[in-house]
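In what follows, a structure is listed as structure tokens, so that the remarks can point back to it.
Note on naming: letters A, B, ... go to the chains in the order of the sequence lines (proteins, then strands), and numbering restarts at 1 for each one.
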2 protein chains.
Amino acid sequence: MTIGDVADRTGLPAKTIRYYEDIGLIRPARDPNGYRSFAETDVHKLAFLGRARALGFSVEDCRTLLALYEDETRNSADVKRVAEQHLARIEDKIAQLQSMRDTLTHLVRDCAGDSRPDCPILTDLAKG
Amino acid sequence: MTIGDVADRTGLPAKTIRYYEDIGLIRPARDPNGYRSFAETDVHKLAFLGRARALGFSVEDCRTLLALYEDETRNSADVKRVAEQHLARIEDKIAQLQSMRDTLTHLVRDCAGDSRPDCPILTDLAKG
DNA sequence: GATAGGGGTTCCAGTGACTGGAAGGTCAAG
DNA sequence: CTTGACCTTCCAGTCACTGGAACCCCTATC
């Protein structure tokens, strides 16, 4: 299977797949002409990576998760820890964004949005 | 005023202040010895930038907002548009993160987190 | 006068996770 | 034989800093 087929099957851009090989997440074989030759296991791993990335895991977390996935002697506790830490980071981020949203919502609501220069958004930024 | 004083007063790292000069957000004067010499207007601008950044505006948005702030003939509509677009991006991001959080919360809840290898998190990632 | 310290200066490289683009090799179809 | 769609590598750019090296400036102390 060539990289284009794999890109179609996994939904990952070919560039991303090459990048994942570059940083050692996958090691596809090569055909005599130099083209990457993907096996089902490669496609499977890439799909795994795609889903982990879609859940927001960092590439390094993905590396860890993939290693755990392939380690039949893993402890689920190790997986859970990675996921919990990630979840905590996400919750922090959500809280941060919600606070921004709340402030912005008020500012936007109070701004006339017309041709006059007076603007509570700028006033707020200028004097905190 | 030297960069260290300004860093203390604005809470921005000196590195960041130099960076903002680099990309043309501020233009502090220079003392004969080559040190940056900040006026109150510079400090004010930096505080403005700090608050805009804290609300999540991109540096380019900050440049726009600062220009609008300094333009006495501005239309508040222009400010409002920038803020609304930013708000929309934030809301998208929140929705995305909440969806991740929901999925992760379920997965984490269902994972035993013990010394056995079985793990619904990995199962989910492996077969989406 | 030498030195130590705590400023300041520039410039270069790295971060994360790709993404775009150039320059060139390979292959099947017409 | 050429066209076009693939594939290859490598380099640069993204965003908003951040760390570090190598060096200059100023004050205080011995």
Please classify the nucleic acid contact of A/Ile23 as base, sugar-phosphate, or nothing, using heavy-atom distances under 4.0 Å. nothing

Residue A/Lys15, side-chain heavy atoms: nucleotide from C/dG20, C/dT10, C/dC18 that is nearest: C/dG20

Does A/Arg18 reach a base, just sugar-phosphate, or nothing at all? Heavy atoms under 4.0 Å. base

Check: A/Tyr19 side chain, C/dG16 base, donor-acceptor under 3.5 Å: no

Among D/dT9, D/dC6, C/dA17, which nucleotide has an atom closest to any side-chain atom of A/Tyr35? D/dC6

If you assign each of A/Asn33 and A/Pro13 to its closest nucleotide in DNA chain C, which residue comes earlier from the 5' end? A/Pro13

Check this for me: does any side-chain nitrogen of one of A/Arg81 and A/Glu84 sit under 4.0 Å from a carboxylate oxygen of the other? no

Note: for A/Tyr20 and B/Thr2 on DNA chain C, the residue whose nearest nucleotide lies more 5' is B/Thr2

Mind calculating the distance between CD (B/Glu21) and C1' (D/dC17) to the nearest angstrom? 16 Å

Is any NZ, NE, NH1 or NH2 atom of the basic residue among A/Asp118 and A/Arg116 found under 4.0 Å from an Asp or Glu carboxylate oxygen of the other? no

Within the structure provided, determine whether A/Arg27 and A/Glu21 are in side-chain contact (heavy-atom separation under 4.5 Å). no

For B/Phe57, answer base if it contacts any base atom (sugar-phosphate contacts may also be present), sugar-phosphate if it contacts only those atoms, and nothing otherwise; contact means non-hydrogen atoms under 4.0 Å. nothing

Under a single-linkage definition using a 4.5 Å side-chain heavy-atom cutoff for Ile, Leu, Val, Met, Phe, Trp and Tyr, are B/Leu12 and B/Tyr35 assigned to the same hydrophobic cluster? no

